[in-house]
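Fair warning: this is a prediction, and the values are worked out from it, not measured in the lab. Lettering of chains follows the sequences in order, A, B, ..., and the numbering in each one begins at 1.
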Number of protein chains: 2
Amino acid sequence: MKKKLSIVDIANSLNISKTTVSFILNGRAREKRISEELVERVLKYVKEVGYKPNSLAKSLRTGKSNIIGLLVQDISNNFFATIARQIEDRAYKNGYKIIYSSTDNDTQKTQELIAMFRDRHVDGYIIVPPEGIEEDISSLIKDGLPVVLFDRYLPGVETDYVVVDNLFSTYNATRYLIDKGYKNIAFISFNNQQTQMADRLNGYKKAITQSNLKTNIKEVDFYQDEKLMTEPIQAFLNEHQEIDAILFGNNHLGTCGLKVLRNLDKKIPEDVALICFDDYEVFELCNPPVTAIAQPIDAIADKVITLLLNRLNTSVENGVKQQVILTTDLRVRKSTK
Amino acid sequence: MKKKLSIVDIANSLNISKTTVSFILNGRAREKRISEELVERVLKYVKEVGYKPNSLAKSLRTGKSNIIGLLVQDISNNFFATIARQIEDRAYKNGYKIIYSSTDNDTQKTQELIAMFRDRHVDGYIIVPPEGIEEDISSLIKDGLPVVLFDRYLPGVETDYVVVDNLFSTYNATRYLIDKGYKNIAFISFNNQQTQMADRLNGYKKAITQSNLKTNIKEVDFYQDEKLMTEPIQAFLNEHQEIDAILFGNNHLGTCGLKVLRNLDKKIPEDVALICFDDYEVFELCNPPVTAIAQPIDAIADKVITLLLNRLNTSVENGVKQQVILTTDLRVRKSTK
DNA sequence: AATAAATGCTAAATCGAGTTATTTCTGGTA
DNA sequence: TACCAGAAATAACTCGATTTAGCATTTATT
């Protein structure tokens, strides 16, 4: 096992001080008036022996890690995985690495993860925040650490964030169903108070009440286990045979819903029409394909990482936080009349 | 911004030496004959002020980081995302964190990532290896670093790895099609020499030639861009109208294939039967659902992380590497007669 | 010629831990 | 009283970098 070279080894080999080596490698040669000749000699030698500074030591000294912490709800969910992927690419291109983890929307787990990230001197945070995490986020911000939220935001906390116009999206989708003549439109969503879900619910409510129809809302708890998710949905649909259209709150609910409808042998769109929040390969390929509210995944990822990189580069902590609200796209397919 | 406490602060507050604090916190109190009374006093104070050792400094000194490097081909692919998720869970439960990245199956990118992981003193590696990475992996192993590969292995390199029985899986699936009476069975795969793809191809070939049928193989290049993937497949199918069944080499090819077949208005299974390697929500939900060769995702993730944790815990570097070969499950659905 | 300024480089401190070698104290024994 | 063993704790070094403050030497200025 070849021992790794340190900056001292380099300095000794060249009979100069490690200070000089450090200055040269950090591009401060000119500023420190180190001769061209020596700079070249050092750079050449460093390249020759393939010396790479130990980044742990560097981080310890500088307090910077060139690492971005990414906390999504669930990396195995297509929506988050795709965004994570794009953030990762951009981060690498800008010299940052990613440490990621899934929060499961679990407050305590998220708190622990944030603590771990801090401990590792992560330079910036990208977080899909669960409920009850306000204080921890505020504390990060108070300490001057760049934080960008996405998918949802925390009403009490002033941060940069990137979300979509959830309320208008479901309002619009619901209107679409109403205009098609559906009368008993259900909304199936998760049982939580996060902004994205609350807004989606409100968009639906607004459209329904505006048209003097009756809302019909089913909120289910989130479980990893599929059975625990499909059962309450199935029970709900059995109980409400009058439903002629369903709006699902996200892709996970949508796929569960599709399975339930298949179990119940419901024809789409004859028996029941469908629209789902979030687009997903499944909705494109299933038969009939499902109309979906597509979030602009590329744009979300792009905005998130751009915001964060800006914060990281402008060491100035200008207090103005940016809120980005992107629009969605109703991709009409054959799951409605 | 509250300054973070260091071990020196703790020591000063208690009027003792930081050495003592360090010994106590690292469970070496008894060994170092430190009085019960002092141990308790220190632990109590540490808990009280919430002191956490700086893990960068710790890593620098000890050379251990408690981080596992995870390199998958593409984190946005469901197969890898799901496995990554489970590995992540197990790792956290055992006190390890994950740094992950997607390799894109790009050798150079992977080399850079491995270099970065090394640089960060990652304790162990889980890698889905691209072609041409043999030397880098060997070098890790030579230096005593635990490495576990999965999904495929590197024939020239002796490592721990976890794969499935690809050859038997496609052999079996192809036989299934043959037994159903299909005569012109095509195999659509990626154009690369990796073991998993080679074995899948060989399983198909073996079954076909055993039955005196003709092989019909299309190998396409991998592209992120969907058009570039579907076009050659579409051209191939147009050219070979005689094909009555298709075996896809993985889930990505399978979904591309489904899109092509939809474009071409082919009825499944009347015009053409399908089996796809890898199961995926899409195949379960599309209509008709697609028969798939399901990899045992849970078992793969479990074996991978178990192997690695074992290596990490038994500091003994016993030379015997473990090869785990798991079996797949043919999930028959209605995409064949 | 004496002094000031610019040039080129470096010794030593520092980040926050872990670890080695050593010191101090206590009590018992010769 | 002198000496020693073990108990209890610590000073000082180390990991590998960055950074501060400063030392020679050369060149320019008066």
Side-chain angles (χ1 to χ4, degrees), chain A residues 1-43 45-46 49-67 118-121 123 315, chain B residues 1-43 45-46 49-67 116 118-121 123:
Chain A
M1 160 142 53
K2 199 169 44 181
K3 187 98 179 302
K4 265 205 88 179
L5 290 171
S6 83
I7 196 170
V8 180
D9 299 325
I10 303 296
N12 287 343
S13 303
L14 295 171
N15 279 318
I16 56 175
S17 143
K18 65 174 180 156
T19 309
T20 312
V21 179
S22 174
F23 283 148
I24 292 175
L25 292 181
N26 288 292
R28 304 178 59 192
R30 173 135 295 169
E31 167 197 349
K32 292 292 173 181
R33 299 177 305 251
I34 293 166
S35 64
E36 284 293 335
E37 181 257 335
L38 184 55
V39 170
E40 241 165 71
R41 204 149 59 84
V42 170
L43 290 179
Y45 183 74
V46 161
V49 299
Y51 163 74
K52 292 258 179 289
N54 178 322
S55 50
L56 282 179
K58 190 170 192 152
S59 291
L60 176 59
R61 185 63 239 253
T62 60
K64 301 260 155 262
S65 61
N66 275 311
I67 290 183
R118 275 194 98 133
D119 174 56
R120 284 267 150 196
H121 290 246
D123 290 341
S315 50
Chain B
M1 162 140 55
K2 196 170 47 179
K3 186 99 178 303
K4 264 203 89 178
L5 290 171
S6 84
I7 196 169
V8 180
D9 299 324
I10 303 295
N12 287 342
S13 303
L14 294 171
N15 279 316
I16 57 175
S17 142
K18 68 173 187 147
T19 309
T20 311
V21 179
S22 174
F23 283 148
I24 292 176
L25 292 181
N26 289 292
R28 303 178 61 190
R30 174 132 294 169
E31 169 196 348
K32 293 292 173 183
R33 298 178 303 253
I34 292 167
S35 63
E36 283 295 334
E37 180 256 336
L38 184 55
V39 170
E40 241 164 72
R41 203 150 59 85
V42 169
L43 290 180
Y45 183 73
V46 161
V49 298
Y51 163 73
K52 291 258 181 287
N54 177 321
S55 50
L56 281 179
K58 191 169 193 154
S59 291
L60 176 60
R61 185 61 240 253
T62 61
K64 301 261 155 260
S65 59
N66 275 313
I67 290 185
M116 174 210 121
R118 276 196 97 134
D119 173 57
R120 286 264 151 199
H121 291 245
D123 290 341

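- Considering only side-chain N and O atoms, T20(A) lies nowhere under 4.0 angstrom from the phosphate OP1 or OP2 of dG8(C).
- Using a 4.0 Å heavy-atom criterion, one finds that R28(A) contacts the sugar-phosphate atoms exclusively.
- Between K4(B) and D119(A) the shortest side-chain heavy-atom distance falls below 4.5 Å.
- Residue L56(B) is out of contact with every strand shown, counting any heavy-atom pair closer than 4.0 Å.
- Put simply, the side chain of R61(A) and the base of dT18(D) share a donor and an acceptor less than 3.5 Å apart.
- The side chain to side chain contact (heavy atoms under 4.5 Å, CB included) test with F23(A) singles out one residue from N26(A), V21(A), L25(A), T19(A), and that residue is T19(A).
- Closest-nucleotide positions on DNA chain D for A57(B) and K32(B) were compared, and the one nearer the 5' end corresponds to K32(B).
- For S35(A), counting side-chain heavy atoms from C-beta on, the closest listed nucleotide (dC9(C), dT19(C), dA17(C)) is dC9(C).
- Checking the phosphate oxygens (OP1, OP2) of dT19(D), no side-chain nitrogen or oxygen of T62(A) falls inside 4.0 Å.
- Of the residues in residues 9-19 of chain A, those with a non-hydrogen atom less than 4.0 angstrom from any atom of DNA chain D are K18(A), T19(A).
- A residue-by-residue look at I34(A) and N26(B) shows that I34(A) has its nearest nucleotide of DNA chain C further toward the 5' end.
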| request: Could you check R30(A) against E36(A) for salt bridge (charged side-chain N to carboxylate O under 4.0 Å, His left out), going step by step and ending with a plain yes or no? | output: CA-CA 8 Å; R30(A) 173 135 295 169; E36(A) 284 293 335; 2.9 Å; yes

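- Considering only side-chain N and O atoms, Y51(A) lies under 4.0 angstrom from the phosphate OP1 or OP2 of dA17(D).
- Across all strands, S22(B) comes closer than 4.0 Å to base atoms (heavy-atom distances).
- Residue-level contact check: L60(B) touches the bases, meaning some heavy atom is under 4.0 Å from a base atom.
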